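Everything on this sheet refers to the single structure shown next.
Computed from a predicted model, the values in this text were never measured in an experiment. So you know, we letter chains A, B, ... as the sequences are listed, proteins then strands, and number each from 1.
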There are 2 protein chains.
Amino acid sequence: MIQSPFNCHFELTLELIGGKWKGLILWHLHDKKVLRNGEMLRLMPRITQKMLTQQLREMEENGLIKRVVYEQVPPKVEYSLTPHGEAIRPILEMMIDWGVEYARDKNIPVACTKK
Amino acid sequence: MIQSPFNCHFELTLELIGGKWKGLILWHLHDKKVLRNGEMLRLMPRITQKMLTQQLREMEENGLIKRVVYEQVPPKVEYSLTPHGEAIRPILEMMIDWGVEYARDKNIPVACTKK
DNA sequence: ATTTATAGTTACCTTTTAGTATGTACAGTA
DNA sequence: TACTGTACATACTAAAAGGTAACTATAAAT
């Protein structure tokens, strides 16, 4: 939960999207609109179940994503973006663009090549 | 130094500007163009000398800021942005804007009010 | 009765990040 | 000779983040 006294709004935003996997998760959600737990695991082979759940829970608590549980077995849970989550898209895009430029200039390898 | 295998360019960018104080430092450098150590301490009353030095060193190593030492006593050191550092500005602006919106919606207090 | 599929949880450990408190260097000035 | 101003460095501690491995729940199908 958000409570600490932030020094500036940048710090607040950073707290909300600063997790190791949050950017990538949001990015896939922007792309696919709706994703299930297993689908995300397949899209991000290096994330673990625990980290995925953790990052999703935090973003849900912070109102960036929505979690819908279908009462059935085996379980089915769908994740999607809230309006706040959707509003983050341009930030992600700029961060990616800047990162692409920087990585090119400094010759830094990055796993994902899409976009 | 940057070396880990990043999953995506967002992760790379995050690593470079993700420090607790980096956004604020970059913001002040955007604003003032050139700043000395002591000036930054005064601009950010809650940062400690150690954290300031640490964040500045990392950003210098990563090529986001430039550090110029004047050989005199007492010492004088000036910090300013590199082109890569300047290119980050729109990201900061968007993160701040988004944070302002979010903080308003969720009623979250933020120390700095400027901008 | 066992297996399958899905979406988790839990305990534990390691690494990273942030923060506190104190010490250093050194020319110029009183 | 002690004091001042500036920009650090260092040792230590505390807290947060990330990661591994193993366990849980449950209806349906075999």
Side-chain angles (χ1 to χ4, degrees), chain A residues 1-8 10-12 14-25 29 34-62 65-80 111, chain B residues 1-8 10-12 14-25 29 34-62 65-80 111:
Chain A
M1 272 284 109
I2 298 303
Q3 54 192 12
S4 38
F6 296 98
N7 293 299
C8 62
F10 171 84
E11 218 176 289
L12 167 62
L14 190 58
E15 169 120 347
L16 297 176
I17 65 171
K20 173 113 191 262
W21 299 94
K22 287 182 182 175
L24 200 45
I25 293 170
L29 282 173
V34 177
L35 282 171
R36 297 178 60 180
N37 179 79
E39 293 178 305
M40 291 199 237
L41 287 177
R42 264 167 263 131
L43 284 169
M44 298 171 279
R46 302 208 266 198
I47 200 175
T48 61
Q49 174 66 67
K50 187 208 140 194
M51 281 310 295
L52 178 59
T53 303
Q54 195 172 294
Q55 305 274 290
L56 288 171
R57 286 294 183 286
E58 287 177 18
M59 290 196 285
E60 191 197 355
E61 276 183 15
N62 295 332
I65 63 176
K66 197 173 48 174
R67 178 171 177 264
V68 176
V69 181
Y70 294 83
E71 288 301 344
Q72 60 186 55
V73 172
K76 175 177 175 182
V77 178
E78 284 184 345
Y79 295 93
S80 58
Chain B
M1 271 284 106
I2 299 301
Q3 52 192 12
S4 39
F6 296 97
N7 294 299
C8 61
F10 171 85
E11 218 176 290
L12 167 63
L14 190 58
E15 170 120 346
L16 297 177
I17 64 172
K20 173 112 190 264
W21 299 94
K22 288 182 181 173
L24 201 45
I25 293 171
L29 283 173
V34 177
L35 282 171
R36 297 178 60 180
N37 179 78
E39 293 178 305
M40 291 200 239
L41 287 177
R42 264 166 264 131
L43 283 169
M44 298 171 279
R46 303 208 265 198
I47 199 174
T48 61
Q49 174 65 68
K50 188 208 137 196
M51 280 311 295
L52 178 59
T53 303
Q54 194 172 298
Q55 305 273 289
L56 288 171
R57 286 292 184 287
E58 286 177 19
M59 290 195 285
E60 191 197 354
E61 276 183 16
N62 295 333
I65 64 178
K66 198 173 47 176
R67 178 171 176 265
V68 176
V69 181
Y70 295 82
E71 288 301 344
Q72 60 186 57
V73 171
K76 174 178 174 181
V77 179
E78 284 184 345
Y79 296 92
S80 58

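Note that CD of A:Glu39 is 12.0 Å distant from OH of A:Tyr79, once rounded to the nearest 0.5 Å. Considering CG of B:Asn62 and CD1 of B:Ile17, their distance stands at 11.5 Å, rounded to 0.5 Å. Between atom CE of residue A:Met44 and atom CH2 of residue A:Trp21 there is a gap of 7.5 Å, rounded to the nearest 0.5 Å. Interatomic distance, CD of B:Glu11 versus CG of A:Leu24, reported as 7.0 Å (0.5 Å rounding). Taking OG1 of B:Thr53 as the reference point, atom CD of B:Glu60 lies at 11.0 Å (rounded to 0.5 Å).
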Could you run down the sub-3.5 Å N/O contacts of the protein with nucleotides 13-20 of chain C?
from	atom 1	to	atom 2	distance (Å)
C:dA18	OP1	B:Lys20	N	2.9
C:dG19	OP1	B:Lys20	NZ	2.9
C:dG19	OP2	B:Trp21	NE1	3.2
C:dG19	N7	B:Lys50	NZ	2.6
C:dG19	O6	B:Lys50	NZ	2.3

For nucleotides 27-30 of chain C, give me every protein contact, N/O to N/O, under 3.5 Å, one pair per line with atom names.
none

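Annotation: salt bridge (Lys or Arg N to Asp or Glu O under 4.0 Å) contacts involving residues 69-79 of chain B, sequence neighbours excluded, comprise B:Lys76-B:Glu78. Within the structure, salt bridge (Lys or Arg N to Asp or Glu O under 4.0 Å) pairs that include any residue of residues 44-59 of chain B comprise B:Lys22-B:Glu58 (at least two apart or interchain).
Dashed line: the shortest gap from a side-chain N or O of A:Arg57 to OP1 or OP2 of C:dA7 is not under 4.0 Å.
Where A:Pro75 and B:Leu56 each meet DNA chain D at their nearest nucleotide, the meeting point lying more 5' is that of B:Leu56.
In DNA chain C, runs of at least 3 consecutive Watson-Crick or G-U pairs, each pair with both distances below 3.5 Å, span C:1-30 with D:1-30.
Here the P atom of nucleotide C:dG8 and the OH atom of A:Tyr70 are 13 Å apart, to the nearest Å. The separation between A:Asn37 atom CG and C:dA5 atom P is 15 Å, rounded to whole Å.
Under the side chain to side chain contact (heavy atoms under 4.5 Å, CB included) criterion, B:Leu14 pairs with A:Leu14, A:Met95, B:Phe10, not counting sequence neighbours. Scored by the side-chain hydrogen bond (donor to acceptor under 3.5 Å, both in side chains) test, B:Thr48 finds no partners at all (sequence neighbours excluded). Among residues two or more places apart in sequence or in another chain, the side chain to side chain contact (heavy atoms under 4.5 Å, CB included) test is passed with A:Val73 by none. The side-chain hydrogen bond (donor to acceptor under 3.5 Å, both in side chains) search around B:Ser80 returns none, not counting sequence neighbours.
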Quick one: do B:Ile47 and B:Leu52 satisfy side chain to side chain contact (heavy atoms under 4.5 Å, CB included)? Show the steps, please. CA-CA 7 Å; B:Ile47 199 174; B:Leu52 178 59; 3.8 Å; yes
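In the 5' to 3' direction, nucleotides of DNA chain D lying under 4.0 Å from heavy atoms of chain A begin and end at D:dG18 to D:dA27.
Taking 4.5 Å as the limit, some side-chain heavy atom of B:Met59 sits within range of a side-chain heavy atom of B:Ile25.
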